[in-house]
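Everything below concerns the one structure shown next.
Note that ligands are numbered from 1 as they come in the structure, with each ligand's atoms numbered from 1 the same way.
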Amino acid sequence: MSTTITMPMLHYSVEALEPVISKETIGFHYGKHLQTYVNNLNNLILNSEFTDATLEEMAAKGQGGIGNNAGQVLNHSLYFEQFAPNGKAEPTGALADAIVKSFGSLDELKTKMNTAAATLFGSGWAWLCADAEGQLCIQQMANADNPLRHGLKPLLTFDVWEHAYYLDYQNRRPDYIAALWNIIDWDVVEARFL
Ligand code: MN
């Protein structure tokens with residue numbers, strides 16, 4: 001039984017994240033860009049060594065087109081799943097403790113994440129990750145790179161490919177980044193940390 005990669009479900013309506021992310025951007029970004037990565041990946045894994053692999057295995061070990069498309073499917077799944085129009089506004093529990101230990105405060109985490117996302121040159125992703133000891137770090141990763149390729153657990157991600165923000169913010173990438181904090185559901189981020 002070979003693997004079929006499917007689209008992640010959106011657990012909010014297409015206009016629910018407005019004005020941070022418009023219905024039009026969801027339509028293109030989720031509906032067109034992500035769908036294309038899913039379709040490409042399903043075609044590429046046919047008769048490949050990854051035909052029975054999980055998405056995570058493809059994203060961690062794949063080379064060339066399989067690595068790029070699997071990375072983009074994984075990254076976008078994490079991205080769209082972490083948002084909610086009225087999600088938990090701040091982390092609590094073990095994640096909140098780890099944030100204080102690693103960054104000093106949530107505000108300092110946000111400052112470091114904003115800088116990483118704003119200064120990433122070209123296309124890519126800014127990440128909040130955890131290592132095997134539960135230490136947190138902020139990372140910039142180009143193109144379709146993802147934390148699984150570096151032995152890190154992905155917790156939170158900001159897509160800074162222009163297709164993620166250009167319809168709503170044009171060249172104002174820092175405004176898009178600042179606004180994303182308003183739609184993060186920290187319940188989702190906490191569940192990834194545990
Ligand atoms: Mn994207």
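- With hydrogens and angles left out, the side-chain atoms of Thr36 and Gln72 include no donor and acceptor closer than 3.5 Å.
- Taking 2.8 Å as the threshold, His33 does not count as a candidate ligand of the Mn ion (ligand 1), since none of its N, O or S atoms lies below it.
- Other residues, nucleotides and ligands contribute more than 12 heavy atoms inside 6.0 Å of the OH atom of Tyr30.
- Side-chain contact, Trp181 with Asn114: a donor N or O sits under 3.5 Å from an acceptor N or O.
- The Mn ion (ligand 1) lies closest to atom OD2 when only the N/O/S atoms of Asp159 are considered.
- Using a 30° and 60° split on the angle between ring planes, His163 and Tyr37 fall in the tilted class, from 30° to 60°.
- The Mn ion (ligand 1) forms the vertex of an angle spanning NE2 of His76 and NE2 of His163; to the nearest 10 degrees it equals 130°.
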